[in-house]
Colleague: 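Here it is: the structure, laid out below.
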Number of protein chains: 2
Amino acid sequence: MDTKAAGRVDFVGDVMDPACPSRVVFARVGDKWASLVIQVLAEGPLRFSELRAHVQVVTPKVLTQVLRALERDGLVTRTVFAQVPPRVDYELTPLGRTLLGPLSELRHWAEHNVAAMLAARDAYDDAQDRL
Amino acid sequence: MDTKAAGRVDFVGDVMDPACPSRVVFARVGDKWASLVIQVLAEGPLRFSELRAHVQVVTPKVLTQVLRALERDGLVTRTVFAQVPPRVDYELTPLGRTLLGPLSELRHWAEHNVAAMLAARDAYDDAQDRL
DNA sequence: CGGTATCCGGTTGGATACTG
DNA sequence: CAGTATCCAACCGGATACCG
């Protein structure tokens with residue numbers, strides 16, 4: 001389950017490994033759309049067009065790519081209903097649902113601290129301009 | 001501090017906003033090196049060359065970019081010591097330190113669940129190959 | 001030591017148009 | 001409705017070389 005150091009998987013050293021667990025997960029979370037889709041699906045299954053409506057600006061191609069990636073990672077299921085017009089539902093798997101916790105932690109941090117971050121940016125940019 | 005819906009900042013709707021807090025933070029966390037650097041700095045301040053040693057494969061240019069971004073966001077401080085040879089220390093700010101919690105939550109999720117993710121990937125890829 | 005300058009290939013995200 | 005196909009521009013991360 002771990003790469004090598006069985007007794008200290010918590011150590012940051014793991015993170016250096018390119019094939020490291022954190023890297024894999026952090027990449028998904030940092031994906032422009034992935035964690036957004038996951039959080040939209042938190043409330044329940046949605047069809048493709050509903051997802052498009054929720055994630056307003058995403059193009060069908062990109063949305064498909066994201067959903068395929070999430071499906072591949074076992075985070076969402078894709079259910080095709082044999083009917084016309086076609087209907088495809090996307091739903092979080094149990095595994096995907098366990099990601100909601102860490103994700104919302106991050107969301108809460110963001111909501112509480114982003115003001116400070118943006119203020120810091122302004123200050124930094126101002127300081128640069130004066131040079 | 002929030003964008004508009006004061007009574008329900010927790011709702012996912014916020015996340016749609018391109019200027020949404022979560023988007024800003026998720027982008028940082030998802031950055032290939034940023035959250036890695038933050039976690040390396042958790043143990044204490046490090047100089048540039050020490051960071052390079054810890055984050056083995058990163059090139060100086062990229063490491064500089066990451067550090068500048070983190071500094072701009074008020075997550076790390078950059079301290080230059082006027083001496084020869086030059087010495088520059090990077091250290092987490094109080095704000096940056098508060099990010100360690102959510103980040104390690106994510107790390108723990110990764111360590112516990114990445115095996116399932118990778119297994120799902122293999123299964124998915126196998127299924128594709130058979131088509 | 002702690003960077004910067006220049007160049008570059010690969011990936012990402014998107015616009016547009018078309019299909020089962 | 002739920003995608004796919006094609007093309008494309010921008011950005012990212014990196015290799016290499018050089019500088020204060």
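Fair warning: this is a prediction, and the values are worked out from it, not measured in the lab. Just so it is clear: chains get the letters A, B, ... in the order the sequence lines come, proteins before strands, and each one is counted from 1.
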Colleague: CG of A/Leu63 versus P of D/dT4: gap in Å, rounded?
Modeller: 11 Å

Colleague: Just call it for B/Arg52: base, sugar-phosphate, or nothing, with non-hydrogen atoms closer than 4.0 Å on any strand.
Modeller: nothing

Colleague: With a cut-off of less than 4.0 Å, is there a side-chain N or O of A/Ser49 near OP1 or OP2 of D/dA2?
Modeller: yes

Colleague: Can you measure from OG1 (A/Thr79) to CD (A/Glu71) and round to the nearest 0.5 angstrom?
Modeller: 9.0 Å

Colleague: Send over the distance from B/Leu36 CG to D/dG13 C1', rounded to a whole Å.
Modeller: 14 Å

Colleague: So, OP1 or OP2 of D/dC1: does either fall under 4.0 Å of a side-chain N or O from A/Tyr90?
Modeller: no

Colleague: Can you figure out which of C/dC1, D/dG3, C/dT4 approaches the side chain of B/Pro85 most closely?
Modeller: C/dC1

Colleague: Measure the shortest side-chain to side-chain distance between B/Val24 and A/Arg121 over non-hydrogen atoms and say whether it is less than 4.5 angstrom.
Modeller: yes

Colleague: I need a per-nucleotide contact map over nucleotides 7-20 of chain C, read 5' to 3'. Cutoff is protein heavy atoms under 4.0 Å; write B for the base, S for backbone only, - otherwise.
Modeller: ------SBB----B

Colleague: With sequence neighbours left out, what residues match B/Ser104 under side-chain hydrogen bond (donor to acceptor under 3.5 Å, both in side chains)?
Modeller: none

Colleague: Side-chain donor-acceptor pairs under 3.5 Å in residues 57-67 of chain B, sequence neighbours left out?
Modeller:
| from | atom 1 | to | atom 2 | distance (Å) |
| --- | --- | --- | --- | --- |
| B/Thr64 | OG1 | B/Pro60 | O | 2.8 |

Colleague: Starting at CZ of B/Arg68 and ending at C1' of C/dA5, how long is that distance when rounded to a whole Å?
Modeller: 14 Å

Colleague: How about B/Gln39 and B/Arg107: does a side-chain donor come under 3.5 Å of a side-chain acceptor?
Modeller: yes

Colleague: Rounding to a whole Å, what distance do you find between B/Phe48:CZ and D/dG20:P?
Modeller: 17 Å

Colleague: Could you list the donor-acceptor pairs under 3.5 angstrom formed by side chains in residues 87-95 of chain B, with sequence neighbours left out?
Modeller:
| from | atom 1 | to | atom 2 | distance (Å) |
| --- | --- | --- | --- | --- |
| B/Arg87 | NE | B/Asp89 | OD1 | 3.1 |
| B/Arg87 | NH2 | B/Asp89 | OD2 | 3.3 |
| B/Tyr90 | OH | B/Arg78 | NE | 3.1 |
| B/Thr93 | OG1 | B/Gly74 | O | 2.7 |
| B/Thr93 | OG1 | B/Leu75 | O | 3.2 |
| B/Thr93 | OG1 | B/Leu95 | N | 3.4 |
| B/Thr93 | OG1 | B/Gly96 | N | 2.9 |

Colleague: Does B/Arg47 make a side-chain N or O approach to OP1 or OP2 of C/dG3 shorter than 4.0 Å?
Modeller: no

Colleague: How would you label the contact of B/Arg87 with the nucleic acid (heavy atoms, under 4.0 Å): base, sugar-phosphate, or nothing?
Modeller: sugar-phosphate

Colleague: Say you draw a straight line from CD1 of B/Ile38 to CG of B/Leu41; how long is it, rounded to the nearest 0.5 Å?
Modeller: 8.0 Å

Colleague: Let me know the distance between CG of B/Leu67 and P of C/dG3, rounded to the nearest Å.
Modeller: 8 Å

Colleague: Calculate the interatomic distance between A/Asp89 atom CG and D/dC1 atom P; express it in whole Å.
Modeller: 14 Å

Colleague: To the nearest 0.5 Å, how far apart are CE in A/Met117 and CG in B/Leu70?
Modeller: 9.0 Å

Colleague: Filter on side chain to side chain donor-acceptor pair (under 3.5 Å), then keep only pairs touching residues 24-33 of chain B, sequence neighbours left out; what's left?
Modeller: B/Arg28-B/Asp73

Colleague: What is the distance, to the nearest angstrom, from the CG atom on A/Leu51 to the P atom on D/dC1?
Modeller: 14 Å

Colleague: Between atom CZ in A/Phe81 and atom P in D/dG3, what is the gap in whole Å?
Modeller: 12 Å

Colleague: With axes from five pairs an end, tell me the bend angle of the helix from C/dC1-D/dG20 to C/dG20-D/dC1, nearest 10°.
Modeller: 50°

